[in-house]
Amino acid sequence: MADQEIAVGVDQLVELIINARRVVVFTGAGVSTESGIPDFRSPGGIWSRFDPDDFTLQKFMSSKESRRKQWRLMREGHVTEAKPNAAHLAVAEMHRLGKLDCVITQNIDGLHQKAGVPDDNVFELHGSNKWIKCMACGERYPYAQVKARLLEGEEIPECKACGGILKPEVVFFGESLPEDALEQASRHARHCDLFIVIGSSLVVYPAAQMPVYAVASGARLAIINLTPTLMDGQAEVVINGKAGEVMAEVITKLKAKLGG
Ligand code: NAD
């Protein structure tokens with residue numbers, strides 16, 4: 001998309017935000033790539049290095065090799081050491097300006113909260129890697145504790161209490177979504193009047209149902225994503241640009257308008 005088209009889209013989005021009463025921001029892996037966390041599907045993304053099969057609960061539980069790969073990915077620290085980028089900071093600024101109802105995210109990286117959106121305003125549909133849970137006895141460990149064990153050389157950490165399989169509290173394929181987050185996110189999606197998608201291919205269900213709920217309930221839809229999505233045709237504004245760059249522009253213009 002040419003810079004001129006992006007600038008027009010930004011202006012349109014700022015107007016939509018100013019005129020909206022309840023704005024929901026919905027984010028996917030694309031909002032965090034500028035923080036150095038690869039997404040799944042882009043070139044160089046996680047799917048180009050890992051077999052999607054390794055992200056199924058069944059494979060994780062049944063294959064030591066699959067668990068070894070997962071913990072190696074955790075040890076690399078892409079997710080846990082990442083810092084919020086301009087897009088996360090802009091969304092947090094929307095909160096401070098009273099222009100954000102909530103964030104619904106598919107991400108497990110906690111970067112919206114690190115940027116300053118309160119925990120209560122973030123619904124994590126796919127869990128979070130802040131906690132690691134024993135699949136046998138239910139004991140929970142903070143990620144930092146398990147990371148220390150990884151750095152000491154453990155390849156596949158097991159539960160200290162019972163020796164059971166440890167798994168990050170993130171939703172693997174084949175697992176159901178956390179009921180409470182899903183229920184609350186669906187409610188907020190149905191009650192907003194502006195739904196902004198940032199960095200999601202909108203192909204992972206049931207998360208991708210959220211913009212469908214919003215549009216069906218009469219909300220306006222805006223999409224910021226590098227590549228086209230299946231819902232572009234239903235959006236009032238589509239901006240094919242980088243989330244951080246676009247959102248930095250949006251927030252600068254929004255503050256200028258609100259201040260003036
Ligand atoms: P996806 O990988 O399917 O799609 C990401 C989209 O973001 C792509 O369409 C891509 O074009 C776009 N994109 C990439 N960089 C961008 C940028 N800088 N600005 C704007 N757009 C950009 O991701 P998804 O739809 O979120 O679904 C995949 C699943 O992967 C999710 O369930 C999520 O839980 C998980 N995931 C999470 C993280 C994370 O926590 N950061 C990272 C990888 C995958």
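The shown structure was predicted, so the numbers you read here are calculated from the model rather than taken from an experiment. In each ligand, atom 1 is the first atom listed, and ligand 1 is the first ligand listed.
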Do the charged groups of [X] and [Y] touch, with an N to O distance under 4.0 Å?
X: Arg72; Y: Glu155; value: no
X: Asp11; Y: Lys253; value: yes
X: Lys160; Y: Glu139; value: no
X: Arg96; Y: Glu93; value: yes

Does any N/O atom on [X] come nearer than 3.5 Å to any N/O atom on ligand 1?
X: Leu226; result: yes
X: Val203; result: no
X: Ile108; result: yes
X: Ala243; result: yes

Exercise for the section: Within a distance under 4.0 Å of any heavy atom of Thr33, pick out the atoms of ligand 1 and give their elements. Expected result: 14 (C), 15 (N), 16 (C), 17 (C), 18 (N)

Handout entry: Residue Gly199 vicinity, atoms of ligand 1 by number, heavy atom under 4.0 Å
Key =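 Every atom of ligand 1 under 4.0 Å from some heavy atom of Gly199: 5 (C), 6 (C), 7 (O), 21 (N).
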
Tell me whether ligand 1 is touched by [X] - counting only heavy atoms on the residue side and a distance under 4.0 Å.
X: Pro38; value: yes
X: Asn225; value: yes
X: Ala87; value: no

Practice task
Pick, from Lys242, His126, Glu124, the option with the minimum heavy-atom distance to atom 32 (O) of ligand 1.
Solution key: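 Nearest heavy atom to atom 32 (O) of ligand 1 lies in His126.
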
Exercise for the section: Please check if atom CZ in Arg67 has more than 12 non-hydrogen atoms from other residues, nucleotides or ligands closer than 6.0 Å. Expected result: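 Atom CZ in Arg67 is packed in, count exceeds 12.
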
Problem - Residue list, salt bridge (Lys or Arg N to Asp or Glu O under 4.0 Å) with Glu175, at least two apart or on another chain - result: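 If we apply the salt bridge (Lys or Arg N to Asp or Glu O under 4.0 Å) test to Glu175, skipping adjacent residues, the hits are Lys167.
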
Problem - ILVMFWY clustering at 4.5 Å (side-chain atoms), partners of Val203 - result: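 Taking Ile, Leu, Val, Met, Phe, Trp and Tyr as members, Val203 shares its hydrophobic cluster with Val204.
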
